[in-house]
Amino acid sequence: MKVLAILYTGGNAAREEPRLLGTIENQLALREWLEGQGHELIVSDDKEGPDSVFQKHIVDAEVLITTPFHPGYLTAELMEKAKNLKICVTAGVGSDHIDLNAAVKHGVEVLEVSGSNVVSVAEHVIMSILLLVRNFIPAHEMIERGDWQVSDVARNAYDLEGKVVGTIGAGRIGFRVLQRLVPFNCKELLYYDYAPLPEHGAKEVNARRVEDLKEFVSQCDVVTVNCPLHEGTRGLVNEELLKHFKKGAWLVNTARGAICDRDAVAAAIKSGHLNGYSGDVWNVQPAPKEHPWRYMKNPLGGGNGMVPHYSGTTLDAQARYAKGTRSILENYLTDKPQEPQNVIIGRKGYETKAYGQR
Ligand code: NAI
């Protein structure tokens, strides 16, 4: 059996830090185990274009392992060529880089390691909200420059206490974000999701559901995006929706870059309509050097908390998703049923509702 894994390069860091399991160097700790059973493992970060390792080996691989952090984009066209492919495993959470409708058409299963990095992301969301609201980055940059002018940063620094914070998507991550916000004494916590939270969950976080998205964003000082990317959420936060945001609101997106329109967000930051944007996910990854989200600033010279896609790939998360990937492969190899929460596309098609199949 040929297993193809598209992972990110770890370089020196991965050679020095073996817990960087999700890298091409450390290979999710799968090589010895797979080769010991006579399987072939191809691992690479080379994923773009017809001559890439990804496109060359996808034609006869039976198993594809990918990661959202360096996504091997399995398009419908590539899926046509993948004649031997039976199962795609996402080492992490979020399988939007796989054409899911094509997977259904070709009877290819898609699994991910559900829950493996939800705490990692929720913590990053809280950090991102705080660094925007408190205007942390320009303050730190001032110190690095050797300057000291408190008023220049304090003029755009606020407390999170007393603000209205809302999440688009209140699933595993969105709910954990709400839980972590409770001690901050926000004015109100809101959520927008297809489905209401279970009663005990809604009570625990004391969050109010708003069913209309425009109404939802118009009430929030901070919006955090925690829903999957699918046909219904691509470009959801666009120029039109941004008009309904409160002037000076902060937006945090650690879900998927393409949920927010690249140029509309950059324009809203530039004009100050959004006071800040923060997150780790980009519409294309790696993000090109000229991507406006790298450089955008609000009129006061701050409001940008962008980082590379790493919130869900902490060392703790890598241990969990490497273990989960192996367990999915073990089930596949021994024909055992998969954990239901990991199944995005099962043998009978869509098995999760989070991807918009409602
Ligand atoms: P989940 O499946 O537990 O929750 C997603 C929630 O979004 C569900 O409650 C669903 O009903 C809701 N939803 C779906 N479409 C919606 C829409 N159009 N409007 C409002 N709500 C909608 O997923 P989980 O674990 O919370 O992850 C969410 C997303 O976060 C993943 O799909 C992935 O894209 C992203 N993620 C990012 C990571 C990172 O490193 N930045 C790591 C892990 C996940």
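Everything numeric here is computed off the predicted structure, so don't read it as measured data. Numbering of ligands and ligand atoms starts at 1, following listing order.
Look at Ser311 and you'll find a heavy atom under 4.0 Å from some atom of ligand 1. Not close to ligand 1: Ala195, with no non-hydrogen atom less than 4.0 angstrom away. Using a non-hydrogen distance threshold of 4.0 Å, Tyr310 does not register as a contact of ligand 1.
Side-chain contact, Arg208 with Gln219: a donor N or O sits under 3.5 Å from an acceptor N or O.
Contacts between His124 and ligand 1 below 4.0 angstrom, taking non-hydrogen atoms only, are absent altogether.
Geometrically, ligand 1 and Gly312 share a nitrogen or oxygen pair separated by less than 3.5 Å. Considering backbone and side-chain N/O atoms, Thr313 never comes within less than 3.5 Å of an N/O atom of ligand 1.
When each atom of ligand 1 is checked for a heavy atom of Phe69 under 4.0 Å away, the hits are 40 (O). Close approach to Asp280 involves these atoms of ligand 1, each under 4.0 Å from a residue heavy atom: 39 (C), 40 (O), 41 (N). Near Gly169, meaning under 4.0 Å from any of its heavy atoms, are these atoms of ligand 1: 7 (O), 21 (N). Below 4.0 Å from some heavy atom of Val281 lie the following atoms of ligand 1, by number and element: 41 (N). Set against the non-hydrogen atoms of Val118, the atoms of ligand 1 under 4.0 Å away are 25 (O). Residue Arg256 approaches ligand 1 through these ligand atoms, each under 4.0 Å from one of its heavy atoms: 33 (C), 34 (O), 35 (C), 36 (N), 37 (C). Residue contact check: Thr233 has heavy atoms under 4.0 Å from atoms 17 (C), 18 (N) of ligand 1. Those atoms of ligand 1 that come under 4.0 Å of a heavy atom in Val121, given as number and element, are 38 (C), 39 (C), 40 (O), 42 (C), 43 (C).
For Asp335 and Lys86, the salt-bridge test fails: no basic side-chain N is under 4.0 Å from an acidic carboxylate O. Salt-bridge formation is not detected for the pair Glu239/Lys243: no Lys NZ or Arg NE/NH1/NH2 atom is positioned less than 4.0 Å from an Asp or Glu carboxylate oxygen.
Atom CG of Asn275 sits about 7.0 Å away from atom CG of Leu300, to the nearest 0.5 Å. The distance from the CH2 atom of Trp250 to the CG atom of Asn135 is 9.0 Å, given to the nearest 0.5 Å. Once rounded to the nearest 0.5 Å, the distance linking OG1 of Thr23 with NE2 of His70 reads 12.0 Å.
In the hydrophobic clustering of this structure, Leu241 groups with Val164; members are Ile, Leu, Val, Met, Phe, Trp, Tyr whose side-chain heavy atoms approach within less than 4.5 Å, directly or through other members.
Every ring-ring contact (aromatic ring centres under 6.0 Å, His included) that Tyr310 has, sequence neighbours left out, goes to His124. Residues satisfying the ring-ring contact (aromatic ring centres under 6.0 Å, His included) criterion with Trp293, sequence neighbours excluded, are Tyr277, His291.
Of the listed residues (Ile259, Thr167, Ile173), the one carrying the non-hydrogen atom nearest atom 30 (O) of ligand 1 is Ile173. With Gly94, Gly257, Cys227 as candidates, the residue nearest to atom 29 (C) of ligand 1 on a non-hydrogen basis is Cys227. Here atom 3 (O) of ligand 1 lies nearest to Arg172 when heavy atoms of His230, His97, Arg234, Arg172 are compared. Remark: among candidates Asn117, Thr254, Leu229, the nearest residue to atom 43 (C) of ligand 1 is Asn117, based on non-hydrogen atoms.
Within a 6.0 Å sphere centred on CG of Asn206, other residues, nucleotides and ligands contribute 12 heavy atoms or fewer.
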Stepwise, does the side chain to side chain donor-acceptor pair (under 3.5 Å) test hold for Asn101 with Glu231?
CA-CA 11 Å; Asn101 292 331; Glu231 286 104 332; 3.0 Å; yes
